[in-house]
Amino acid sequence: MYTWRKLVFALTLISTFFMKAKQTYILLPILCLSVLQVFSQSGPYKYGKVQEEELQMRTYDKDTSAAAVILSDFAVSHFRLNGDVKLVTERRTRIKILKKTGYTWANVEVPMYQNGSSKETITGIKGYTYNLQDGKIIKDKLELGAVFEERQSEYRQTKKFTMPNVKEGSVIEYSYTVNSDFIYNLRDWEFQSTIPTVWSEYRVKIPQYFDYKTLQHGYHKIYEPRDNYDMNRDGYRWVMVDLPALRPERYITTLTDYQARIEFELQMLHVPGEESKVMTGEWGEVIKDLLRQERFGSQLNRKGFFKGDIAAITERFTAPEQKMKAIYEMVQQQMKWNGKYGIYTTGTLRKAFDNRTGSAAEVNLLLTAMLQEAGLDAAPVLVSTREHGKVYKGTPMLNKFNYVVAHVNLNGKSVLLDATDPLLPAGMLPMRSLNGEGRLIKAGTDQWIALKPSDKYQRVYTGNLTINESGQIEGDATEVSSGYRALYLRKEVKEEGESGYTEKLNKEVGIYKFSNPVFKNLKEPESPLELNYKILASGGGQAQEMIYLNPMLGQGESENPFKLEQRAYPVDFAFPISETFICRFTIPDNYELDDAPQNVKVSLPNQSGSFMYMVEKQGNVVEVLSKIDITKPVYYAAEYPQLKELYARIVAKHAEQIVLKRK
């Protein structure tokens, strides 16, 4: 990568400067003294000194449901300049275990990264478990034999250990040192975790040669302690206190997008005796470098092995859109995604083509190369999937991307293609890619591409049912699904098999029995998917004076997905939602409508969503209409109360009954 080569070169200059000037021996004691001064103040707790009240604590008053709580998470980093440059981070963590479900916090994993000769190592692991027994504090030491390494991938290993003798009420404490060659991006400091945190603090001593940009995430403010602590020149300190647990909720991307944390990026390197060097780079330079990369852009230039396939398509189709669709469908049918992400190929596109399988990068770079061969204006787009997190657009940071899709410019219209899923219609992105914006990798361009849904999640339910005097219900229903609803239904049928899915539908749900399901357009992803089936609900066996009916037939919203009183981060549906339910009930001639839900129409501000519910009677036919429209993919925190109230109204209305009374 462009910035990495610049960094290596600049660090070589710094190291050479210190060796020649023989200033290393003067500088190092000063740096080490500063670090010792930093560690002389070890946050709110003194390491190794657990208080009796910590052990006596049975619940955390700010969150009585917490299974564990981080009492203190404290770290300090400094640079070691001695012929080479390393970042050294010492970390100390103290956790209170409150419930058995909190025992998992005694299993500690520390990641280590490696890329070529550059790597991270973990040293100095120490740990103790403290318990209160007969009024005395008992201390169990972590044995070094309980520490082991595990390799996850080519680039990642993990140090693992389990704290000894952990019980409800224990306090565990451990420390370790990370020695890292990676200084372009310091490790993120995560203030917030999935359990509450009382105190989280990070300090770093940065030499004058490095100028880092910091990027703060989350919705919590930095706390400024009222002490006289002074980091002196080039020292930085960040503290957050009383952080709530970061809990997964419905309709989010990934928790790290909303986590209180801080990121670092090296933007300037001040080399002694040299002109300061900008390290962040520009997208133009990064794109040039990517297009020369053997495992990225170079693969797009090797097209000989599929020229015959493309020639056959271009002879048959002349319109650009037809050619695009034909090539897309060919790659969909011929290539199988192996489930792996990444922006670089693991081998050549020729090898992936011959094996008929590959990663997302290989499948979609192959698609891009074929589109280019057909004369289309195509280029790859770098994406960060929803699970990977949002992309910071300020400066090029390729490690923030983990996926590739193809972009085609059709007479000024942007079309995004992803051939990893054989059920995706052309122009539709999978949900995993609907995450903000992606970066177009095309020479001479400076463009971000909006990763928007091309369609809704849409379902229209139509029922025609007859009710007899015993309360028996019989009739048929049709569900027409389109957009993302149709995609998910097709995937479910494919995974279970049509016969397996049909068998699943042929069963009773509550009082209703569904049978004889028939699909239309199941294997035509471009068309709406239609499902027809029969409905039967047995009655009381004899004429009823009163018949009670839930008109939603089990299709309504039964639970509000939004539980919190307040929500600090957005509600991200990924795509608009449209759910329409229409059912006509033919009732016996000698019955009348005794009670029915009141008609209602509720709208969100700026027409960003609505709910309509109506019951109408004409002759002996009662028609029920429910329509939910969520018109935006994303709703921000300020809109949460209205969205929560909308769903509360939907759930309440869908639970109401119709009452029929014998005349």
Verdict with supporting geometry, Glu321 and Lys413, salt bridge (Lys or Arg N to Asp or Glu O under 4.0 Å): CA-CA 11 Å; Glu321 190 166 356; Lys413 177 186 175 184; 5.2 Å; no

Less than 4.0 Å between a side-chain N and a carboxylate O, is that true for [Y] and [X]?
{"X": "Glu263", "Y": "Lys400", "answer": "yes"}
{"X": "Arg490", "Y": "Glu526", "answer": "no"}
{"X": "Arg439", "Y": "Asp446", "answer": "yes"}
{"X": "Glu479", "Y": "Arg485", "answer": "yes"}
{"X": "Lys644", "Y": "Glu565", "answer": "yes"}

Thr158 to Arg156 - nearest heavy-atom pair and separation: OG1-NE, 4.0 Å

Taking every non-hydrogen atom, the tightest pair across Phe317 and Ala326: CE1-CB, 3.6 Å

Measure the acute angle between the ring planes of [X] and [Y], then classify it against the limits of 30° and 60° as parallel, tilted or perpendicular.
{"X": "Phe575", "Y": "Tyr457", "result": "parallel"}
{"X": "Tyr403", "Y": "Tyr341", "result": "tilted"}
{"X": "Trp189", "Y": "Phe191", "result": "perpendicular"}
{"X": "Phe581", "Y": "Tyr461", "result": "parallel"}

side-chain hydrogen bond (donor to acceptor under 3.5 Å, both in side chains) assessment of Tyr392 paired with Glu265: CA-CA 11 Å; Tyr392 173 64; Glu265 183 187 15; 5.9 Å; no

Spacing of Leu417 atom CG and Gln332 atom CD [to the nearest 0.5 Å]: 9.0 Å

Pi-cation contact, Phe353 with Arg356 (under 6.0 Å, within 45°): yes

Non-neighbouring partners of Tyr613 that pass ring pair (Phe, Tyr, Trp, His ring centres under 6.0 Å), sequence neighbours left out: none

